[in-house]
Protein chains: 2
Amino acid sequence: MSRRRSPGRPGRDSEDLRCTLIDAALTCYTREGVAATSIKAIAAEAGVTPALLHYYFGSRDQLRQAVIDDRILPLIQAVQEKVHGAGEDVAALIGAFMDAMNAAVTANPWWPALWVREVLCEGGALREVLIEKVGRTFLQAFVQRFAAAQQRGELNGALDPRLLLVSLLGLTLFPAAGAAVWRKLLDADDLGPAEQQKHTAALLERGLELRHGL
Amino acid sequence: MSRRRSPGRPGRDSEDLRCTLIDAALTCYTREGVAATSIKAIAAEAGVTPALLHYYFGSRDQLRQAVIDDRILPLIQAVQEKVHGAGEDVAALIGAFMDAMNAAVTANPWWPALWVREVLCEGGALREVLIEKVGRTFLQAFVQRFAAAQQRGELNGALDPRLLLVSLLGLTLFPAAGAAVWRKLLDADDLGPAEQQKHTAALLERGLELRHGL
DNA sequence: CAGAAATTTAATTAATTTTTAAATTAATTA
DNA sequence: TAATTAATTTAAAAATTAATTAAATTTCTG
């Protein structure tokens, strides 16, 4: 945070400030939402002046675009690639997706909250980007493979193949986005990604196993 | 939206304007987030002047509180009561919860997006309200009943009882919050609450039924 | 018809934010 | 080592915007 310094060019031990600034922007976006975040707030978060953000990015909009280009798109691409590398089998596909999501979330804790806020919600700042850039093809590839697997009897036929990926997102992104809330409500500091992962896998593999049915 | 009229007291056909104003506030909160919503924006949404909002509610904060008291708390209470009315059986409990959520979401389409934004996310405006007012007891009651059911062998023992309600929320609120996105991505206007409900029930009851396991 | 109620117009106040320009210091280069 | 360039801050300007208040307007009610 506050790293107040005097004016003038910094010494050669300069950390990568651009990176720090983008981190600060992500923190603010996550905490307040993209729409409600001013460059003043980002500057405060980074312990720097608004003028510097101008120097680096030009304007508020360009800064937002930089955050998208530098952080968000690569993240999605990483997930896409891991999934792409999975073989023919649906189980492998789903497993790869869940693993990729868990890895992405663990490495980028800001991601889930930002996602639910700015992609899921009407008026979200990342909606267009994601939907047009990656969403459609990504989602539809899954839908087709799910449907094919159902026909081969390798996947619960009562599921709607179009909704399954949505369910998987709901079981990964949603719990991760609320992690702080759950931990507080449950007084459970030990409740980490590992427990979450195990629980979700159990639910997906076997369902609730109710004796009487819903 | 715009219902421009001249100054002065309106005719006696007056709809319940207070209600309209609160609706407009909800719309803006949902679209832009509570923090980023000005009373000016709400006034525009309702086709009314900012001064009128003052006349009705006193201030921006009081308006927010009115939205919470008039709309959000009753909604949660309704869910709570329906769940409370469910019998001993876990299956009945879970079924009642899912039904109550689906009903609440169908009747109040703004609810899921507002929830993920303002409860789930750090800095959300409804976080404290919900967590302190209803969250803890509600959640813990579920946890205990889940754990008891597991001991009786009536519920998949590999699940984490603390995380199951989170999963259920992730399978209801999350898909509902993104409904517009999914529909657009899938070119599926027919994809409504009924399909969603059926799909989720199938997933919960039987899991994925993969041949090879995850 | 008189007074109260519901609205808008218009003005005030206040704050805030983005952006620009100038000043300062350190590094690099010739 | 002097001159230039780069990275920062300070300070100020410019623009926008928001919340709130006061006054004016119209319609209803008694």
Side-chain angles (χ1 to χ4, degrees), chain A residues 1-29 31-68 70 123 125, chain B residues 1-29 31-68 70 123 125:
Chain A
M1 303 226 174
S2 90
R3 10 162 283 140
R4 179 153 295 291
R5 34 183 335 329
S6 47
R9 184 172 180 159
R12 85 177 70 73
D13 57 333
S14 60
E15 347 105 55
D16 185 353
L17 185 49
R18 183 191 160 88
C19 189
T20 304
L21 297 180
I22 290 193
D23 280 341
L26 272 173
T27 301
C28 292
Y29 288 169
R31 187 168 51 218
E32 305 171 30
V34 173
T37 296
S38 64
I39 76 173
K40 194 189 177 194
I42 298 170
E45 175 69 28
V48 118
T49 61
L52 188 64
L53 286 167
H54 251 263
Y55 181 72
Y56 270 75
F57 301 101
S59 77
R60 189 186 133 128
D61 279 354
Q62 284 170 282
L63 165 54
R64 205 192 72 230
Q65 194 56 49
V67 173
I68 293 174
D70 279 29
Chain B
M1 305 228 172
S2 93
R3 9 162 284 138
R4 176 153 299 290
R5 35 182 337 325
S6 47
R9 184 170 180 163
R12 89 178 67 73
D13 57 333
S14 60
E15 346 104 55
D16 185 353
L17 185 49
R18 183 190 159 88
C19 190
T20 304
L21 297 181
I22 291 193
D23 280 340
L26 271 173
T27 301
C28 292
Y29 288 170
R31 187 169 50 220
E32 304 170 31
V34 173
T37 296
S38 64
I39 75 171
K40 194 188 175 194
I42 298 170
E45 175 70 26
V48 119
T49 62
L52 188 65
L53 286 166
H54 250 262
Y55 181 72
Y56 270 75
F57 301 100
S59 78
R60 189 187 135 130
D61 278 354
Q62 284 171 281
L63 166 54
R64 205 192 72 231
Q65 195 56 49
V67 174
I68 292 174
D70 280 28

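To find a chain, count down the sequence lines: A is the first, B the second, and so on, and within it residues start at 1.
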(request) Return the value, rounded to whole Å, for the distance between atom CZ of B:R18 and atom C1' of C:dT7. (result) 17 Å
(message) D:dT8, OP1 or OP2 - any side-chain N/O from A:T49 closer than 4.0 Å?
(response) no
(request) Any chance you could measure B:L17, atom CG, to B:Y55, atom OH, to the nearest 0.5 Å? (result) 11.0 Å
(message) Taking side chain to side chain contact (heavy atoms under 4.5 Å, CB included) as the definition, give me every residue that meets it alongside B:Q65, ordered by chain and number, with sequence neighbours left out.
(response) B:I68, B:D69
(request) List the protein contact pattern of nucleotides 17-22 of chain D with one symbol per nucleotide (5' to 3'): B for base contact, S for sugar-phosphate-only contact, - for none; contact means a heavy-atom distance under 4.0 Å. (result) -SSBB-
(request) Decide yes or no for A:H54 and A:L63: does some side-chain heavy atom of the first lie under 4.5 Å from some side-chain heavy atom of the second? (result) no
(request) Of all the heavy-atom pairs spanning A:C28 and A:E45, show the shortest one and how long it is. (result) SG-CB, 3.8 Å
(request) List the steps and the verdict of side chain to side chain contact (heavy atoms under 4.5 Å, CB included) for A:L21 and A:I42. (result) CA-CA 8 Å; A:L21 297 180; A:I42 298 170; 5.7 Å; no
(request) Please state how far atom OH in A:Y56 lies from atom C1' in D:dT9, giving the value in whole angstrom units. (result) 13 Å
(message) Main chain of A:T37, side chain of A:R60: is a donor-acceptor contact present, judged purely on distance under 3.5 Å?
(response) yes
(request) Sort by first number and list every stem of DNA chain C: at least 3 consecutive Watson-Crick or G-U wobble pairs, both distances under 3.5 Å. (result) C:1-30 with D:1-30
(message) How long is the straight-line distance from CD1 of A:I22 back to CG of A:D70, given to the nearest 0.5 Å?
(response) 4.0 Å
(request) Remember a base hit wins even if backbone is also touched, and classify B:Y55 as base, sugar-phosphate or nothing at under 4.0 Å, heavy atoms. (result) base
(message) Nearest whole Å is fine: how far is D:dA7 C1' from A:F57 CZ?
(response) 14 Å
(message) I need the CG-C1' distance between A:L63 and C:dT17, as an integer number of Å.
(response) 14 Å
(message) Quick check: do B:R18 and B:F57 have side-chain heavy atoms less than 4.5 Å from each other?
(response) yes
